[in-house]
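I have placed the structure first, in the form of structure tokens, so that the comments after it can refer back to it.
Only a predicted model underlies this, so the values are computations on that prediction, with no experimental measurement involved. A note on names: the letters A, B, ... follow the listed sequences, proteins ahead of strands, and every chain is numbered from 1.
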There are 2 protein chains.
Amino acid sequence: MESRCENCIVRQFNSLRAMSKDELKQVSDSKTTKAVKKGEPLFEEGEKLNGVYCVRNGVSKLSKLSANGKDQIVKLATKGEVLGQRSVIAEECTNLSAIAVNDMEVCFIPKESINNTLQKNPNFTLEVLRHMAHDLKEADDVIVNMSQKTVKQRIAEAFLYLKNNFGEDDEGFLALTLSREDISNVVGTATESAIRIISEFKKKGFIHTSGKKVGIKNERKLLELVEGF
Amino acid sequence: MESRCENCIVRQFNSLRAMSKDELKQVSDSKTTKAVKKGEPLFEEGEKLNGVYCVRNGVSKLSKLSANGKDQIVKLATKGEVLGQRSVIAEECTNLSAIAVNDMEVCFIPKESINNTLQKNPNFTLEVLRHMAHDLKEADDVIVNMSQKTVKQRIAEAFLYLKNNFGEDDEGFLALTLSREDISNVVGTATESAIRIISEFKKKGFIHTSGKKVGIKNERKLLELVEGF
DNA sequence: TTAAAAATATGACATTTATCAGTTCTTTTT
DNA sequence: AAAAAGAACTGATAAATGTCATATTTTTAA
């Protein structure tokens with residue numbers, strides 16, 4: 001397993017690629033690698049972060065607890081994504097919890113390394129800015145989906161999203177397996193409602209399931225549903 | 001009316017305050033001031049923007065058209081806010097429309113001035129980044145509200161938001177008057193549903209109205225409602 | 001391997017929200 | 001000032017979603 005950031009492939013996907021050799025060396029020297037087991041938190045809502053987490057492997061859900069006691073999953077972050085950036089930059093406590101959806105391997109980079117580069121290397125700052133601009137656009141889209149689409153449409157969309165972003169395994173099941181509860185927390189609905197709609201999709205032949213695993217059988221039908229028939 | 005950015009008070013509220021004197025001079029020389037009447041667009045979803053808009057006066061709604069033909073208002077931007085930043089930075093078309101809610105005065109700043117400074121002045125870039133980090137956090141909160149709160153709670157919250165961010169007039173009405181349709185587009189519901197709930201609030205003595213105008217009578221009750229009794 | 005716990009699933013029912021049709025009030029235009 | 005257009009409002013009803021109770025299956029731990 002390669003442990004120098006300079007040689008890490010993951011870096012190609014995130015803003016760290018805009019760092020100079022020296023800066024990268026410094027990050028590499030100060031970083032620590034950490035294994036996080038499924039279900040364990042990287043950090044929790046309200047914590048003050050002393051650095052950011054670069055995901056090498058596995059998937060993390062970023063969620064926020066609502067007043068009614070339910071978690072809302074705002075984003076699923078995978079290989080290459082950097083978590084905690086927002087709160088390190090704004091120097092605030094995190095507004096989100098990050099919990100491993102499956103076993104993960106992450107690198108923790110102390111905020112000093114980040115802040116230092118932010119102040120000295122405009123290219124890096126600009127790169128981070130571009131990423132954040134992208135995240136903001138995605139967040140706007142989520143807002144519109146949440147408020148204008150039905151639960152059925154949101155679940156159909158979630159399955160298509162999972163296929164496009166995480167792919168399928170050999171047997172044609174979605175590579176990222178989420179519990180029914182996680183699915184309901186992604187689309188913002190009651191777990192029972194999510195289960196019911198999943199059953200309906202199964203009956204209609206849009207998907208097939210095996211335990212928690214879900215496979216897409218009729219992508220076109222799901223797409224039509226999302227678009228509103 | 002002062003027309004040099006160097007002396008513009010509005011600048012204190014946004015990232016332009018991190019510009020150097022020279023940079024500000026350049027922005028001031030290249031900017032154009034524009035009056036936008038109530039209901040007119042600053043720009044529309046899908047357009048390619050050649051610069052950003054700095055709001056001097058008035059309020060703009062940032063919205064996105066959903067598949068079912070309804071607008072979702074994602075944000076209300078007022079004095080001091082800079083619009084179009086996200087799409088200029090990401091070099092993409094806007095994902096949102098900006099329409100004047102009341103008569104506005106805005107300055108258009110060509111993207112060259114912005115991009116130029118972004119590449120040369122890390123302080124400015126960092127300042128923009130901080131603002132965007134803040135916007136992203138707010139967007140996350142909106143996602144959670146949209147998916148976890150009832151329409152009633154969202155409307156109560158909207159009124160409190162309007163009071164806190166735009167204040168009240170001499171007679172105790174909310175200073176920013178929105179049509180019932182705009183309110184329903186902010187909270188993501190049918191206009192009739194919004195009207196019905198506004199009537200209910202009136203009956204219960206939480207608010208009072210006069211035409212379109214809404215005044216908050218019992219802030220505590222509204223707050224309790226938002227928190228879930 | 002078995003018992004216990006947790007997750008998934010389904011039914012019955014309550015609540016919330018959307019839709020449609022129509023009325024009244026306000027604003028704009030003539 | 002009257003006519004026309006657009007908002008605001010209300011009622012009836014349908015559809016979507018949440019809640020609670022309970023059964024079944026799967027996973028975990030003893």
**Request:** Dump the intermediate steps for side chain to side chain contact (heavy atoms under 4.5 Å, CB included) on B:E219 and B:K163, then the final yes or no.
**Result:** CA-CA 10 Å; B:E219 187 162 349; B:K163 177 173 173 184; 2.6 Å; yes
**Request:** Check whether more than 12 heavy atoms from other residues, nucleotides or ligands sit under 6.0 Å from atom NZ of A:K213, and answer yes or no.
**Result:** yes
**Item:** Cationic N near anionic O, under 4.0 Å, A:K75 to A:D135
**Value:** yes
**Asked** In a check of side chain to side chain contact (heavy atoms under 4.5 Å, CB included) between A:I114 and each of A:V128, A:V82, A:V52, which one passes?
**Response** A:V52
**Message:** Using a 3.5 Å distance criterion without hydrogens, assess whether the side chain of A:R180 forms a donor-acceptor pair with backbone atoms of A:I195.
**Reply:** no
**Prompt:** Side-chain donor-acceptor pair under 3.5 Å between A:Q85 and A:S15, yes or no?
**Reply:** yes
**Request:** For A:E192 and C:dA14, give me the distance from atom CD to atom P, rounded to whole Å.
**Result:** 17 Å
**Item:** Ring centre gap for A:F43 and A:Y53 strictly below 6.0 Å
**Value:** yes
**Prompt:** Does A:T191 make a side-chain N or O approach to OP1 or OP2 of C:dT8 shorter than 4.0 Å?
**Reply:** no
**Item:** Residue-level proximity of residues 174-189 of chain B to DNA chain D when a heavy atom falls under 4.0 Å
**Value:** B:S179, B:R180, B:E181
**Angle between terminal axes - the helix from C:dT1-D:dA30 to C:dT30-D:dA1, 5 pairs each end, rounded to 10°** = 50°
**Complete:** Sorted by chain and residue number, the salt bridge (charged side-chain N to carboxylate O under 4.0 Å, His left out) partners of B:K212 (sequence neighbours excluded) come out as none
**Range on DNA chain D touched by chain A - first to last nucleotide, heavy-atom distance under 4.0 Å** = D:dT17 to D:dC20
**Asked** What side chain to side chain donor-acceptor pair (under 3.5 Å) pairs are there with at least one residue in residues 188-197 of chain B, not counting sequence neighbours?
**Response** B:S184-B:T191
**Prompt:** Counting N and O atoms only, with roles assigned by atom type, does the side chain of B:D103 sit under 3.5 Å from a partner on the main chain of B:K38, one being a donor and the other an acceptor?
**Reply:** yes
**Message:** Counting only heavy atoms and a strict 4.0 angstrom limit, can you tell me which residues of residues 149-161 of chain A come near DNA chain D?
**Reply:** A:T150, A:V151
**Item:** A:F108/A:K34 under side chain to side chain contact (heavy atoms under 4.5 Å, CB included): CA gap, chis, key distance, verdict
**Value:** CA-CA 7 Å; A:F108 174 79; A:K34 204 176 155 189; 5.7 Å; no
**Request:** Verify the neighbour count for atom NZ of B:K79: are there more than 12 heavy atoms of other residues, nucleotides or ligands below 6.0 Å?
**Result:** no
**Asked** Take atom NZ in A:K137; do more than 12 heavy atoms of anything else shown fall under 6.0 Å from it?
**Response** yes
**Request:** Send over the distance from B:I195 CD1 to C:dA18 C1', rounded to a whole Å.
**Result:** 13 Å
**Item:** Spacing between B:K212 atom NZ and C:dT26 atom P, to the nearest angstrom
**Value:** 11 Å
**Asked** Does a salt bridge link B:K61 with B:D182, judged by any charged N lying under 4.0 Å from a carboxylate O?
**Response** yes
**Message:** Students often get this wrong, so: under 4.0 angstrom with heavy atoms, is A:S193 touching a base, only sugar-phosphate, or nothing?
**Reply:** base
**Asked** For A:I197 and A:G211, take the nucleotide of DNA chain D holding the closest heavy atom to each; which residue's nucleotide lies nearer the 5' end?
**Response** A:I197
**Prompt:** Rounded to the nearest Å, what distance is computed from the CG atom of residue A:N68 to the P atom of nucleotide C:dT15?
**Reply:** 17 Å
**Asked** Atom CG of B:L225 to atom C1' of C:dT16: distance rounded to whole Å?
**Response** 14 Å
**Item:** Closest-nucleotide 5' rank along DNA chain C - winner of B:R196 and A:K203
**Value:** A:K203
